[in-house]
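Just the heavy atoms: all of them, side chains too, but no hydrogens, waters or symmetry mates, feed the values below. Below, read A as the first sequence line, B as the second, and so on, with proteins coming before strands; counting in each chain starts at 1.
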Number of protein chains: 2
Amino acid sequence: MQQDRSAPAGVSRRGRPRSFDLDVVTAAALRTLWTKGYETTSIEDLVQATGLAPSSLYAAFGSKQGVLEAALARYDRDREDLLAPLERGSGGLDDLRRFLSSIRHSLTQSDGPGCFMVNTATEVAPRDDRIAERANRYRERVRDGIAAALGRAAARGELALQDAEDITGRARLLQAAVYGVQVAARGGATEEALATVDALRRQVEQWAGEAVQLRDRQPEDR
Amino acid sequence: MQQDRSAPAGVSRRGRPRSFDLDVVTAAALRTLWTKGYETTSIEDLVQATGLAPSSLYAAFGSKQGVLEAALARYDRDREDLLAPLERGSGGLDDLRRFLSSIRHSLTQSDGPGCFMVNTATEVAPRDDRIAERANRYRERVRDGIAAALGRAAARGELALQDAEDITGRARLLQAAVYGVQVAARGGATEEALATVDALRRQVEQWAGEAVQLRDRQPEDR
DNA sequence: CTATTTCTGGAGTGAATGCTCCGTAATGAT
DNA sequence: ATCATTACGGAGCATTCACTCCAGAAATAG
């Protein structure tokens, strides 16, 4: 199997340099795999999408699985804007609200694709440990990001919690529900997906409302 | 394309009768498609799983897609025990609790498969309208079943609801979360899937607790 | 019984698959 | 300029794919 021979950044290498931008090619491959699915995408499809010859594709990625891994890594990186505010945002519940708004927005933009990680997790994770690990790490990242935002919200008094267990539990609930929304979206049920996100938002506001009720009812405890 | 020539029940037909049980064969095909996925399953795999020759397989199902449709129909039927109590049960929240317990139990039994409908929805629904419709109908069935149970619970006073919208919203939330759990399970994250179901159960109990609080706090309203 | 209909299973179809080989082009190092 | 090294692209590899054909077997109708 051939290896990716791309140079470490800044180090000039002998021989003919590659004539394409690996990032651009990876993005094109991601788009194709996302919409068509892994098995249904042929090398010919990737050749057309990237404009590369088969041999160049294999020189760069090693195998079809290699293309998938690169696409997953790229997807991970592209989701930084979505997840970083959850993980390290300065807001509490607002960070979570913005997250759900972003999810909602993405549903109206892309038609069919759903979430690349969700699609890949169900299609290829069961028979590829490396892919499974990546998909699981991403899912945990979403869950932990939501939990972090919930934790900040609790610290601000925006949530009424009985114990720390509640944060993890609610984060798990939201993460799972968001994944479920992506399944519906992938199946073409955009309206239902949107309505479900709205239901999630209402649940979050209900959690917030409990904290307000608690404050109003027991002001002496402040 | 050949058609399924199976006779209507009770009507004897001329010619050599088929020597296999269509139900048994469909069940075997379902099992294979469920664990391996649609694209990864070859006709050869189905031949080995069912014990039928390719031509008999095609005589019975017409095409590989036909096998998938039959398997989905079979899956639908097999889920009757799970969904009927939700839809037409005599309990309220208890029906929902039993549903979640069943989901939880199935996670510890099967390793890897997840939910056949979820897997199929993400893998083949985007490029096959018939499959997409079937997957969407199933998803709506789960949602409406949960909503029906929640409705009965509300009628019994087990839930405190502001409006009818709440029932649909909560049903959507639960349905999506259950689907998300299946994605995690398909990825091999059984422990996480179990923990998420537990979180869902706690959320349901919290909803129930609100109703109790409301009763205790405003007994004059009864 | 005979005639007819249907099913069975194995061999085999063309097409598509993932992947590789190799001659040539293009670059950097010397 | 020369050489070493790498990338490019098209032709082509063996294999696998979903699917079909056909000759024989097995059943029922009359």
Side-chain angles (χ1 to χ4, degrees), chain A residues 1-26 28-29 32-33 36-71 123-124 127-128 131, chain B residues 1-8 10-22 24-26 28-29 32-33 36-71 123-124 127-128 131:
Chain A
M1 187 190 299
Q2 285 175 284
Q3 298 293 324
D4 176 7
R5 305 198 201 289
S6 64
V11 175
S12 92
R13 309 179 63 230
R14 221 162 13 187
R16 178 177 172 180
R18 65 160 49 112
S19 64
F20 57 86
D21 185 331
L22 193 60
D23 266 3
V24 173
V25 165
T26 306
T32 306
L33 290 169
K36 290 206 59 174
Y38 179 71
E39 290 298 335
T40 322
T41 298
S42 65
I43 299 295
E44 172 63 22
D45 290 332
L46 292 173
V47 163
Q48 292 203 349
T50 60
L52 269 72
S55 64
S56 299
L57 211 58
Y58 276 84
F61 298 105
S63 67
K64 192 183 172 187
Q65 283 197 25
V67 179
L68 176 59
E69 282 202 60
E123 186 182 0
V124 353
R127 61 190 156 81
D128 187 319
I131 303 295
Chain B
M1 188 189 298
Q2 285 174 286
Q3 300 292 326
D4 177 7
R5 306 197 201 286
S6 65
V11 175
S12 96
R13 308 180 62 232
R14 211 151 35 174
R16 179 177 171 179
R18 65 160 52 110
S19 63
F20 56 87
D21 184 333
L22 194 59
V24 173
V25 164
T26 305
T32 306
L33 290 169
K36 290 206 60 174
Y38 179 71
E39 290 298 336
T40 321
T41 299
S42 66
I43 298 294
E44 172 63 23
D45 290 331
L46 293 173
V47 162
Q48 292 203 347
T50 60
L52 266 68
S55 63
S56 299
L57 212 57
Y58 276 83
F61 298 105
S63 67
K64 193 183 173 188
Q65 283 197 24
V67 180
L68 177 59
E69 283 202 59
E123 187 183 358
V124 353
R127 62 192 155 78
D128 188 319
I131 304 295

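Distance from the side chain of A/Ser56 is smallest for D/dG9 among the nucleotides C/dT8, D/dC21, D/dG9. Taking every side-chain heavy atom of B/Arg18 into account, C/dT8 is the closest of D/dG10, C/dT8, D/dT20. Of the candidate nucleotides C/dG18, D/dA18, C/dC19, D/dA18 has the atom lying nearest to any side-chain atom of B/Ser42. Of the candidates D/dA7, C/dG10, D/dG10, the closest approach to any side-chain atom of A/Arg16 belongs to D/dA7. Minimum atom distance to the side chain of A/Ala53 is reached by D/dG10, of the listed C/dT8, C/dC19, D/dG10.
With the nearest nucleotide of DNA chain C identified for both B/Phe20 and B/Pro54, B/Phe20 has the one nearer the 5' end. For B/Gln65 and A/Pro17, each mapped to the nucleotide of DNA chain D holding its nearest heavy atom, the one lying further toward the 5' end belongs to A/Pro17.
For B/Glu39 and D/dA18, the CD to C1' distance is 11 Å, given to the nearest whole Å. Protein atom NZ of B/Lys36 is 13 Å distant from nucleotide atom C1' of D/dC17, rounded to whole Å. Atoms OH (B/Tyr38) and P (D/dA18) sit 8 Å apart, rounded to a whole Å. Atom OH in B/Tyr58 sits about 11 Å away from atom P in D/dC17, given to the nearest Å. Atom-to-atom, CG of B/Leu57 to P of D/dC21 comes out at 16 Å; the value is rounded to the nearest Å. In this structure, CG of A/Leu52 is placed 14 Å from C1' of D/dG10, rounded to the nearest angstrom. Computed from coordinates, the A/Leu22 CG to D/dC8 C1' distance equals 15 Å when rounded to whole Å. As rounded to whole Å, 15 Å separates atom P of C/dT20 from atom CZ of A/Phe61.
Under the 3.5 Å distance criterion, the side-chain polar atoms of A/Lys36 are left unmatched by any main-chain donor or acceptor of A/Ser42.
Rounded to the nearest 0.5 Å, atoms CD (A/Glu123) and CD1 (A/Ile131) are 11.0 Å apart. In this structure, B/Phe20 CZ and B/Thr50 OG1 are separated by 8.0 Å, a value rounded to the nearest 0.5 Å.
B/Thr40 comes within contact range of no nucleotide atom at all, as no heavy-atom separation falls under 4.0 Å.
Distances shown here put a side-chain N or O of A/Ser19 below 4.0 Å from the OP1 or OP2 atom of D/dC8.
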Checking A/Tyr58 against A/Leu52 for the side chain to side chain contact (heavy atoms under 4.5 Å, CB included) test, could you report, in this order, the C-alpha distance in whole Å, the side-chain angles of both residues, the deciding distance, and whether it holds? CA-CA 10 Å; A/Tyr58 276 84; A/Leu52 269 72; over 6 Å; no
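Checking A/Gln48 against A/Glu44 by side-chain atom types alone, a donor-acceptor pair falls below 3.5 Å.
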